[in-house]
S.K.: 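One structure coming up, written as structure tokens, with questions to follow.
Keep in mind the model is a prediction, meaning the values are calculated, not measured. For reference, positions follow the sequence shown, starting with 1. Every heavy atom of this structure was used, including side-chain atoms; hydrogens, water molecules and symmetry mates were not.
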Amino acid sequence: MLLKEYIRCDVTELAKRIKTREIRPHEAMDCALSRINEVNTTLNAIVTDCSDFAKKCLTSLRGDEPFYGVPLLIKDLGHWIAGVRSTEGSRFFSHNISPITSDLVNKMISLGFIPIAKTNTPELGLSYVTEPTLLGPCRNPYDLNRTPGGSSGGSAAAIAAGIAPISTASDGGGSIRIPAACCGLFGFKPTTGITPTGPLTDELWSGLAVNFVLTRSLRDSEALFNELAELSRVRPLHPHKKLNILHLEGVFAPVPVATPCIEAVNKVEELLKKLGHTIQRKYLALDLNAIGDCVIKIIAANTYTVIKLQEAQLSQKAKPDALEPITWEFYKRGEALSAYEYIVARTRLFQLVQPLHQLLDQTDVVLTPALAQLPLLIGGLSTNEEFDLYLQKNMEFSPFTSLFNQAGLPAMTLPVMFDNQLPISVQMGAAKGNDLLLYALAKELQPLLPDFNQLMPLNSG
């Protein structure tokens, strides 16, 4: 297979070609490694080579797995490979060698995927851009002066540039959907609690975060959802149902939204009407300040805990010069938090989002822009900022994604148009367990939208 063919294959196509012996697995791996050599100096998306581990995987697989031989990228945050470095995007964690392989990675290998490399991520996943001090900024293949988003930014940039068609990813406030939106990919956050998180914990970020994958294509994401999700906890799909779709007001931070982001929503709204769906506007009052306060406490508690565990492993106390300023602030806030305050924050958050759950029991889908701004310029969101200003800048960039984490809801971002060669996406969310409804709606819209799967922002030499 020629490299120019490989970089345009999604998982489904590449697995088919390997199964029919048009290409051998080691040839697909060679293409992936060649593409890394070709573009990674520019992108800084790949941070750790796993090719030796990948070769061992090939010898251990049977060859009849559904995705046998397809190269896989691994997010370098919480997704471990035994014996391979796992930096979590942090200087304080930079020498860690994973003692075990994460359940998600093991599951992907059992499906035939071959992990070839780990991808860039912000420190402990605490940013909507991928510019860690340890690893340096990752760049967007569509515009090298801009971010691919975060925290799964390295994964998104690598997929968009054709290094591999899929990567493991995680989403605690938009960390799958934001990079997907920045890089013209399909991004899906499943209902909380239905995808693998182990073996060390049964929930991530106290339930705010989920593990899943980033993919080039919608069909790949759906195929992996069917393989990875605990489908007994997913609502059955009622085919050919005309949906009630809401523009919700009052539930997202009132920040300016860039014109192209609004145009994308208007475009999708018109398409949905043509498909027979109903569009309504509704106001729902949520206490955004109280929600934000609860979420900051939960993230601070989790950040403090993971750093304390690392301190114990290193027999070394964390110091400000070993962590980025925003991480240090989360750490100190977590240190000052009592068990009472933490439990109250979790309970209060659950109560605060109940009106949204009640609304979604009466309707089908919420439609929003994916982002409020175009992908930020590199350096536009720095972890050296004052804490409250940093939070405000994150919110101004992505005010629409985190609510779905806070409520444990499924949500997806779907690229729908371009603005000056940058992909622009919309977001849709649904009630808990209605993941399949979102996939069905995306499949209905896809034939009416540009084929982003065949685009390649960085040309192959």
S.K.: What pairs with Gln310 under side-chain contact (heavy atoms from CB on, under 4.5 Å), at least two apart in sequence or on another chain?
M.R.: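 So Gln310 forms a side-chain contact (heavy atoms from CB on, under 4.5 Å) with Phe92, Phe93, Asn96, Gln313, Leu314.
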
S.K.: Taking side chain to side chain donor-acceptor pair (under 3.5 Å) as the test, write out the residues that go with Ser167, two or more places apart.
M.R.: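 Residues passing side chain to side chain donor-acceptor pair (under 3.5 Å) with Ser167: Ser155.
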
S.K.: Is the shortest distance from a Lys or Arg side-chain nitrogen in Lys393 or Glu385 to a carboxylate oxygen in the other one below 4.0 Å?
M.R.: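 A salt bridge is present here (some side-chain N lies under 4.0 Å from a carboxylate O).
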
S.K.: Looking at Lys308 and Glu311, is there a salt bridge between them, counting it only when a charged N and a carboxylate O are closer than 4.0 Å?
M.R.: yes

S.K.: Quick one: side chain to side chain donor-acceptor pair (under 3.5 Å) partners of Lys107, sequence neighbours excluded?
M.R.: none

S.K.: Val426 versus Met428: any side-chain heavy-atom pair under 4.5 Å?
M.R.: yes

S.K.: Measure the acute angle between the ring planes of Tyr142 and Phe418, then classify it against the limits of 30° and 60° as parallel, tilted or perpendicular.
M.R.: tilted

S.K.: Name all residues meeting the side-chain contact (heavy atoms from CB on, under 4.5 Å) criterion together with Leu144; count only those two or more places apart in sequence or in a different chain, and write none if there are none.
M.R.: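 In terms of side-chain contact (heavy atoms from CB on, under 4.5 Å), with neighbours along the sequence ignored, Leu144 is linked to Thr42, Leu43, Arg139.
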
S.K.: Have a look at Asp10 and tell me which of Arg216, Arg219, Lys16 forms a salt bridge (Lys or Arg N to Asp or Glu O under 4.0 Å) with it.
M.R.: Arg219

S.K.: Please tabulate, one pair per line, all N/O donor-acceptor pairs under 3.5 Å involving side-chain atoms of residues 53-73, not counting sequence neighbours.
M.R.:
from: Thr59; atom 1: OG1; to: Lys56; atom 2: O; distance (Å): 2.7
from: Ser60; atom 1: OG; to: Cys57; atom 2: O; distance (Å): 2.9
from: Arg62; atom 1: NE; to: Asp64; atom 2: OD1; distance (Å): 2.7
from: Arg62; atom 1: NH2; to: Asp64; atom 2: OD1; distance (Å): 3.0
from: Glu65; atom 1: OE1; to: Gly63; atom 2: N; distance (Å): 2.9
from: Glu65; atom 1: OE2; to: Arg62; atom 2: N; distance (Å): 2.8

S.K.: Under the rule for ring-ring contact (aromatic ring centres under 6.0 Å, His included), what residues qualify as partners of Phe188, not counting sequence neighbours?
M.R.: Phe225, Tyr439

S.K.: Can Thr327 and Glu324 be said to form a side chain to side chain donor-acceptor pair (under 3.5 Å), step by step?
M.R.: CA-CA 5 Å; Thr327 308; Glu324 296 174 27; 5.1 Å; no

S.K.: State, to 0.1 Å, how close Pro148 and Cys138 come at their nearest heavy-atom pair, and which atoms those are.
M.R.: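 That would be CD-O, 3.1 Å.
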
S.K.: How close do Cys294 and Leu352 get, counting heavy atoms only, and between which atoms?
M.R.: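 For Cys294 versus Leu352, the nearest heavy atoms are SG-CD1, 4.1 Å.
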
S.K.: Using ring-ring contact (aromatic ring centres under 6.0 Å, His included) as the criterion, list what pairs up with Phe350, not counting sequence neighbours.
M.R.: none

S.K.: Looking at Arg177, is its backbone amide N or carbonyl O close enough to the side chain of Thr413 to form a donor-acceptor pair, meaning the two atoms are under 3.5 Å apart?
M.R.: yes

S.K.: Identify all side-chain donor-acceptor contacts of residues 202-214 below 3.5 Å with residues at least two apart in sequence or on another chain.
M.R.:
from: Glu203; atom 1: OE2; to: Arg346; atom 2: NH1; distance (Å): 3.2
from: Glu203; atom 1: OE2; to: Arg346; atom 2: NH2; distance (Å): 3.3
from: Ser206; atom 1: OG; to: Asn302; atom 2: ND2; distance (Å): 2.9
from: Ser206; atom 1: OG; to: Tyr342; atom 2: OH; distance (Å): 2.6
from: Asn211; atom 1: OD1; to: His79; atom 2: NE2; distance (Å): 2.9
from: Asn211; atom 1: ND2; to: Pro196; atom 2: O; distance (Å): 3.1

S.K.: So, the side chain of Thr130 versus the backbone of Gly149: is there a donor-acceptor pair under 3.5 Å, distance only?
M.R.: yes

S.K.: Quick check: does any side chain N or O of Ser152 sit under 3.5 Å from a backbone N or O of Ala169, one acting as donor and the other as acceptor?
M.R.: no

S.K.: Return yes if some donor-acceptor pair links the side-chain N/O of Lys189 with the main-chain N/O of Leu409 below 3.5 Å, else return no.
M.R.: yes

S.K.: Taking all heavy atoms of Ile176 and all of Pro179, pick out the closest pair and write down the distance.
M.R.: O-CD, 3.4 Å

S.K.: Do Pro415 and Ile424 make a side-chain contact, defined as non-hydrogen atoms from C-beta onward lying under 4.5 Å apart?
M.R.: no

S.K.: Do Ile163 and Val39 have side chains that approach each other closer than 4.5 Å (heavy atoms only, starting at C-beta)?
M.R.: yes

S.K.: With a sphere of 6.0 Å drawn around NZ of Lys317, does it hold more than 12 non-hydrogen atoms of other residues, nucleotides or ligands?
M.R.: yes

S.K.: ring-ring contact (aromatic ring centres under 6.0 Å, His included) with Tyr390: which residues, sequence neighbours excluded?
M.R.: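 By the ring-ring contact (aromatic ring centres under 6.0 Å, His included) rule, Tyr390 matches no residue at all.
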
S.K.: Quick one: closest heavy-atom pair of Asn44 and Gly136, and the distance?
M.R.: ND2-O, 3.2 Å

S.K.: Is the closest side-chain heavy-atom distance between Ser217 and Val11 below 4.5 Å?
M.R.: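 No, too far: nothing below the 4.5 Å cut-off.
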
S.K.: Tell me, do Ile378 and Pro137 make a side-chain contact under 4.5 Å, heavy atoms counted?
M.R.: yes

S.K.: Would the distance check show the side chain of Thr168 and the main-chain N or O of Lys75 forming a donor-acceptor pair, the cut-off being under 3.5 Å?
M.R.: yes

S.K.: Just checking, any donor-acceptor pair under 3.5 angstrom between side chains of Gln427 and Thr368?
M.R.: yes

S.K.: Do Lys118 and Asp76 meet the salt-bridge criterion of a basic N to acidic O distance under 4.0 Å?
M.R.: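 Looking at Asp76 and Lys118, the cut-off is met.
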
S.K.: Is it the case that the side chains of Thr215 and Asp220 hold a donor-acceptor pair, with the cut-off being a distance below 3.5 Å and no angle test?
M.R.: no

S.K.: Under the side chain to side chain donor-acceptor pair (under 3.5 Å) rule, collect the residues that match up with Ser425, sequence neighbours excluded.
M.R.: none

S.K.: Could you tell me whether the side chain of Thr121 reaches within less than 4.5 Å of the side chain of Pro132, counting heavy atoms only?
M.R.: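 In short, these two side chains do not touch, never coming nearer than 4.5 Å.
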
S.K.: Are the side chains of Val295 and Asn405 in touch, meaning some heavy atoms are under 4.5 Å apart?
M.R.: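 Counting from C-beta outward, Val295 and Asn405 never come under 4.5 Å.
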
S.K.: Who pairs with Cys9 by side-chain contact (heavy atoms from CB on, under 4.5 Å), at least two apart in sequence or on another chain?
M.R.: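 Cys9: side-chain contact (heavy atoms from CB on, under 4.5 Å) contacts with Met1, Glu13, Leu14, Arg17.
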
S.K.: Can you confirm whether Arg146 sits close enough to Leu422 that some side-chain heavy atom of one is under 4.5 Å from a side-chain heavy atom of the other?
M.R.: yes

S.K.: Looking only at atom types and distance, does a side-chain atom of Ser127 sit under 3.5 Å from a main-chain N or O of Thr383, one as donor and one as acceptor?
M.R.: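 Absent.
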
S.K.: How far does CD of Glu38 sit from CG of Leu33, to the nearest 0.5 angstrom?
M.R.: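 CG of Leu33 is found 12.5 Å from CD of Glu38.
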
S.K.: Hey, is the main chain of Ile291 close enough, under 3.5 Å, to the side chain of Gln406 for a donor-acceptor pair?
M.R.: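 A pair under 3.5 Å: no.
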
S.K.: Are any side-chain N or O atoms of Arg233 and backbone N or O atoms of Gly193, one a donor and one an acceptor, separated by less than 3.5 Å?
M.R.: yes

S.K.: Would you call Arg91 and Glu123 a salt bridge, taking side-chain N to carboxylate O under 4.0 Å as the test?
M.R.: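 Looking at Glu123 together with Arg91, the answer is no, because their closest N to O distance does not fall below 4.0 Å.
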
S.K.: Output all residues satisfying side-chain contact (heavy atoms from CB on, under 4.5 Å) with Asn384, sequence neighbours left out; order by chain, then residue number.
M.R.: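 Listed in chain order: Pro325, Ser382.
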
S.K.: Once you round to the nearest 0.5 Å, how far does NE2 of His26 lie from CD1 of Ile114?
M.R.: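 That separation rounds to 12.5 Å.
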
S.K.: Tell me if a side-chain donor or acceptor on Glu386 pairs with a main-chain N or O of Leu389 at a distance below 3.5 Å.
M.R.: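 Between the backbone of Leu389 and the side chain of Glu386 there is a qualifying donor-acceptor contact (under 3.5 Å).
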
S.K.: Between Lys332 and Glu329, does any side-chain N to carboxylate O distance fall below 4.0 Å?
M.R.: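 Result for this pair is no, no salt bridge flagged.
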
S.K.: So, taking the atom named OG in Ser402 and the one named CD1 in Ile178, what distance separates them when rounded to the nearest 0.5 Å?
M.R.: 8.0 Å

S.K.: Tell me whether Tyr128 contacts the main-chain N or O of Gly173 through its side chain, where contact means a donor paired with an acceptor under 3.5 Å.
M.R.: yes

